[in-house]
Amino acid sequence: KAKKQPRDLVVDSTGLKIYGEGEWKMRVHGKSIRRTWRKLHLSLDPESFETISIELTRSNIHDDQVMEPLLRDQNNIGKVYADGAYISRNCFDAIASTGGKPIIAVRTRTGLVLKEPTAGQELRNDLVMDIWRKGGRSKWKKESDYHRRSLVETQMYRFKTIMGPQLASRDFNNQLCEAKV
């Protein structure tokens, strides 16, 4: 039986309005207390443009807290492309647990974790050393196909074009269903 090729994933998030005053009232009268947002987190297959997983969170949940749920139930993952919001230990550990390889642009002058690194931190160390070997972030981005990360931005645009930039439901569970539909 032929072994299935690992699936690469691209991960990112976007904001969706749920209720509150309109843009005009915001500009004229300032910020409203009722203005509320949700964050839609997606993982996307960059080859087929298929959305693999979706998570909807409140606006105060940081992107790095959602990497593990986005990768849950995924097997045979290849590369995981993400932006700088995903450079935390949580994200690297979540990627390591799936057997994937992170393609995340770490900050300039990022050092290595030398004292008892976790599996995710070892992946991060490998990534940092790869960036060093390639001669810096710019060259690494070109050689690692980091630009594929922007494909999820296109998917977000498609979502917002079809569904609009806001959710109609007021209840969180209904908003989750609305986003997944």
Side-chain angles (χ1 to χ4, degrees), residues 6-17 37-74 76-113 117-163 165-167 179-180:
R7 172 189 278 177
D8 292 346
L9 293 177
V10 184
V11 176
D12 205 359
S13 68
T14 189
L16 297 172
K17 289 187 262 185
W37 293 80
R38 296 287 184 244
K39 286 176 87 174
L40 179 68
H41 306 266
L42 295 178
S43 70
L44 170 82
D45 181 335
E47 295 298 321
S48 66
F49 301 106
E50 174 187 5
T51 299
I52 305 303
S53 59
I54 294 176
E55 292 292 327
L56 187 71
T57 63
R58 289 176 168 73
S59 59
N60 63 344
I61 302 298
H62 193 273
D63 293 351
D64 73 340
Q65 296 176 279
V66 186
M67 179 67 85
E68 192 273 326
L70 285 173
L71 299 180
R72 187 181 306 131
D73 302 326
Q74 302 298 317
N76 203 18
I77 291 180
K79 296 176 182 173
V80 179
Y81 298 86
D83 63 18
Y86 298 92
I87 60 170
S88 75
R89 180 177 175 176
N90 294 342
C91 294
F92 285 102
D93 285 342
I95 294 168
S97 71
T98 66
K101 178 183 177 189
I103 306 295
I104 302 172
V106 295
R107 292 184 185 109
T108 305
R109 293 193 263 318
T110 297
L112 300 176
V113 177
T118 65
Q121 288 172 324
E122 287 180 12
L123 284 177
R124 179 185 165 279
N125 286 347
D126 293 343
L127 178 64
V128 170
M129 288 187 296
D130 192 34
I131 292 170
W132 291 346
R133 279 191 296 271
K134 302 274 198 278
R137 283 174 32 131
S138 296
K139 289 181 182 177
W140 171 81
K141 284 180 178 182
K142 288 178 187 170
E143 292 183 27
S144 67
D145 289 334
Y146 180 73
H147 65 277
R148 294 180 85 194
R149 188 195 60 72
S150 66
L151 294 172
V152 76
E153 302 290 343
T154 305
Q155 191 76 336
M156 302 288 190
Y157 173 76
R158 287 184 194 130
F159 180 91
K160 287 183 174 183
T161 299
I162 294 167
M163 300 299 293
Q166 64 188 32
L167 298 167
K180 288 187 175 184

Trainee: With sequence neighbours excluded, give me every ring pair (Phe, Tyr, Trp, His ring centres under 6.0 Å) pair touching residues 117-140.
Mentor: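 Checked against ring pair (Phe, Tyr, Trp, His ring centres under 6.0 Å) - neighbours excluded - the pairs reaching residues 117-140 are W140-Y146.
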
Trainee: Test side chain to side chain contact (heavy atoms under 4.5 Å, CB included) on D145 and Y81; report intermediate values, then the result.
Mentor: CA-CA 9 Å; D145 289 334; Y81 298 86; 4.1 Å; yes

Trainee: Check side chain to side chain donor-acceptor pair (under 3.5 Å) between K134 and all other residues, then give those that pass, not counting sequence neighbours.
Mentor: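 Once residues adjacent in sequence are excluded, the partners of K134 under the side chain to side chain donor-acceptor pair (under 3.5 Å) criterion are D130.
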
Trainee: Look up atom CZ in R137 and atom CZ in R109, then write down how far apart they are to the nearest 0.5 Å.
Mentor: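 The CZ atom of R109 is 11.0 Å from CZ of R137, to the nearest 0.5 Å.
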
Trainee: Applying side-chain contact (heavy atoms from CB on, under 4.5 Å) between M129 and each of I131, D126, L127, report the one that passes.
Mentor: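 Only one of I131, D126, L127 forms a side-chain contact (heavy atoms from CB on, under 4.5 Å) with M129, namely D126.
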
Trainee: Any heavy-atom pair between the side chains of T57 and Q65 that's under 4.5 Å?
Mentor: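 In short, these two side chains do not touch, never coming nearer than 4.5 Å.
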
Trainee: What's the spacing between L70 CG and L42 CG if we round to 0.5 Å?
Mentor: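 So the CG of L70 and the CG of L42 are separated by 8.0 Å.
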
Trainee: So which atom in I52 and which in D45 form the shortest heavy-atom distance, rounded to 0.1 Å?
Mentor: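 Looks like CG1-N, 3.8 Å.
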
Trainee: What is the minimum heavy-atom distance between A82 and R149, and which atoms define it?
Mentor: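 Looking at all heavy atoms of both residues, the closest pair is C-CD, 3.3 Å.
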
Trainee: For P117 and N125, which heavy atoms make the closest approach, and how far apart are they?
Mentor: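 Scanning both residues, the minimum pair turns out to be CB-ND2, 4.3 Å.
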
Trainee: Considering non-hydrogen atoms only, spot the tightest contact between D83 and I104 and give its length.
Mentor: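 Closest approach of D83 to I104: O-CG2, 3.5 Å.
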
Trainee: I need the W37 CH2 to S59 OG distance, nearest 0.5 Å.
Mentor: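 These two atoms lie 9.5 Å from each other.
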
Trainee: Which pairs, with at least one residue in residues 58-72 and sequence neighbours excluded, count as a salt bridge (Lys or Arg N to Asp or Glu O under 4.0 Å)?
Mentor: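 Non-adjacent pairs meeting salt bridge (Lys or Arg N to Asp or Glu O under 4.0 Å): K39-D63, E68-R72.
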
Trainee: Considering residues at least two apart in sequence or located in another chain, which fulfil the side-chain contact (heavy atoms from CB on, under 4.5 Å) criterion with R107?
Mentor: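 R107 satisfies side-chain contact (heavy atoms from CB on, under 4.5 Å) with I87, T110 only.
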
Trainee: In terms of side-chain heavy atoms, does R124 have a donor or acceptor partner in Q121 at a distance below 3.5 Å?
Mentor: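 No - no donor-acceptor pair under 3.5 Å links their side chains.
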
Trainee: Measure the spacing between OG1 of T154 and CG of D12 and express it to the nearest 0.5 Å.
Mentor: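 Rounded to the nearest 0.5 Å, the OG1-CG separation comes to 11.0 Å.
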
Trainee: Kindly compute the distance separating OG1 (T118) from CG (D93), expressed to the nearest 0.5 Å.
Mentor: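 One finds 3.5 Å between OG1 of T118 and CG of D93.
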
Trainee: For a 4.5 angstrom cut-off between non-hydrogen side-chain atoms, does I103 reach R148?
Mentor: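 Answer no - side chains too far apart.
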
Trainee: Determine whether V113 and R89 satisfy the following criterion, side chain to side chain contact (heavy atoms under 4.5 Å, CB included), listing intermediate values before the conclusion.
Mentor: CA-CA 11 Å; V113 177; R89 180 177 175 176; over 6 Å; no

Trainee: For L167 and L56, run side chain to side chain contact (heavy atoms under 4.5 Å, CB included): C-alpha distance rounded to whole Å, both residues' side-chain angles, the deciding distance at 0.1 Å, then the answer.
Mentor: CA-CA 11 Å; L167 298 167; L56 187 71; 4.1 Å; yes

Trainee: Mind running side chain to side chain contact (heavy atoms under 4.5 Å, CB included) on L16 and M163 for me, showing each step along the way?
Mentor: CA-CA 10 Å; L16 297 172; M163 300 299 293; over 6 Å; no

Trainee: Can you tell me how far the CD atom of Q166 sits from the CZ atom of R38, to the nearest 0.5 Å?
Mentor: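 That separation rounds to 13.0 Å.
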
Trainee: Which atoms form the tightest heavy-atom contact between K160 and G15, and what is the distance?
Mentor: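 Residues K160 and G15, closest heavy atoms: NZ-O, 3.0 Å.
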
Trainee: Using the side chain to side chain donor-acceptor pair (under 3.5 Å) criterion, which residues pair with E153? Sequence neighbours excluded.
Mentor: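 With sequence neighbours excluded, E153 shows a side chain to side chain donor-acceptor pair (under 3.5 Å) to no residue whatsoever.
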
Trainee: Where do V11 and S43 come nearest, in terms of heavy atoms and distance?
Mentor: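 Closest approach of V11 to S43: CG2-CB, 4.1 Å.
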
Trainee: Which pairs with one or both residues in residues 41-68 pass ring pair (Phe, Tyr, Trp, His ring centres under 6.0 Å), sequence neighbours excluded?
Mentor: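 Pairs touching residues 41-68 that pass the test: none.
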
